[in-house]
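Worksheet for the structure shown next.
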Amino acid sequence: MRVLVYSDDASTREKVRLAIGRRPAADVPLVEIVECATQPAVVKRLDSGDIDVAVLDGEAAPAGGMGISRQAKDEVHDCPPICLIIGRRDDRWLADWSRADAVVAQPLDPMALAEAVAGLMRARSASRIAAR
């Protein structure tokens with residue numbers, strides 16, 4: 001499965017990539033990470049239809065992951081599930097506005113992020129099987 005990781009910060013993308021690893025849980029497929037540092041790159045990849053799960057940095061600038069998530073949910077046909085990384089737990093209400101499917105707060109807990117991504121991968125697989 002292809003997992004898109006968006007952040008303007010290379011160290012954040014690296015932390016996410018390391019937390020997810022090659023397989024975030026034993027019962028999900030191997031992961032191919034696609035990194036994006038800009039909002040146009042994210043939109044292009046999501047529009048291509050080849051992304052299975054997206055992990056977006058809510059604190060990225062100039063385009064934050066919350067706005068990108070909201071836009072994707074409104075505009076991308078068969079939008080993949082989105083995990084949003086928020087700066088503070090108090091930002092959860094903003095994450096709800098963004099219509100993200102999962103939320104993980106900073107500082108990143110690698111186990112929590114891997115678990116969230118694995119859950120979204122399971123959901124994506126199930127929705128594709130049901131659509132057949």
Are [Y] and [X] connected into the same hydrophobic cluster when the rule is that any two of I, L, V, M, F, W, Y join if their side-chain heavy atoms are below 4.5 Å apart?
X   : Y    : result
L56 : V76  : yes
V53 : V42  : no
L30 : I33  : no
V55 : V104 : yes
I51 : L120 : no

[atom2] on [Y] to [atom1] on [X], rounded to 0.5 Å:
X   : Y    : atom1 : atom2 : answer
K15 : L108 : NZ    : CG    : 7.0 Å
I68 : E75  : CD1   : CD    : 11.5 Å
R70 : L84  : CZ    : CG    : 13.0 Å
R92 : L94  : CZ    : CG    : 11.5 Å
C83 : L4   : SG    : CG    : 12.0 Å

Exercise: identify the closest heavy-atom pair between [X] and [Y]:
X    : Y   : answer
P80  : L46 : CG-CD2, 3.7 Å
P110 : A19 : CA-CB, 3.7 Å
C36  : R45 : SG-CG, 4.0 Å
A118 : V28 : O-CG1, 3.8 Å
V31  : P24 : CG2-CD, 3.6 Å
S125 : M1  : OG-CE, 3.5 Å

Tell me the salt bridge (charged side-chain N to carboxylate O under 4.0 Å, His left out) pairs involving residues 114-123, sequence neighbours left out?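 Residue pairs with at least one partner in residues 114-123: D27-R122.
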
Quick one: does V34's side chain get under 4.5 Å of D50's, heavy atoms only?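 Not in contact.
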
Side chain to side chain, D74 and R99, heavy atoms closer than 4.5 Å: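 Side-chain contact under 4.5 Å: yes.
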
Heavy-atom count around K73 NZ within 6.0 Å, excluding the residue itself: above 12?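 Counting other residues, nucleotides and ligands, NZ of K73 exceeds 12 neighbours.
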
Quick one: which residue pairs count as a side chain to side chain donor-acceptor pair (under 3.5 Å) with a foot in residues 102-111, not counting sequence neighbours?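 Sorted pair list comes back empty.
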
I'd like to know if the side chain of [X] and the backbone of [Y] have a donor-acceptor N/O pair within less than 3.5 Å.
X   : Y   : value
R13 : Y6  : no
S69 : S98 : yes
D57 : G65 : no
D52 : V3  : no

Option among R2, R17, R22 that satisfies the salt bridge (Lys or Arg N to Asp or Glu O under 4.0 Å) test with E32: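 So the option named by the test is R2.
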
Evaluate side-chain contact (heavy atoms from CB on, under 4.5 Å) for E59 paired with T12, printing each intermediate quantity in order. CA-CA 10 Å; E59 302 298 310; T12 299; over 6 Å; no

Side chain to side chain contact (heavy atoms under 4.5 Å, CB included) partners for R88, two or more places apart: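 Scan of R88 (side chain to side chain contact (heavy atoms under 4.5 Å, CB included), adjacent residues dropped) gives D91.
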
Would M66 and I82 count as a side-chain contact (heavy atoms from CB on, under 4.5 Å) here? Give the steps. CA-CA 10 Å; M66 291 182 207; I82 295 174; over 6 Å; no

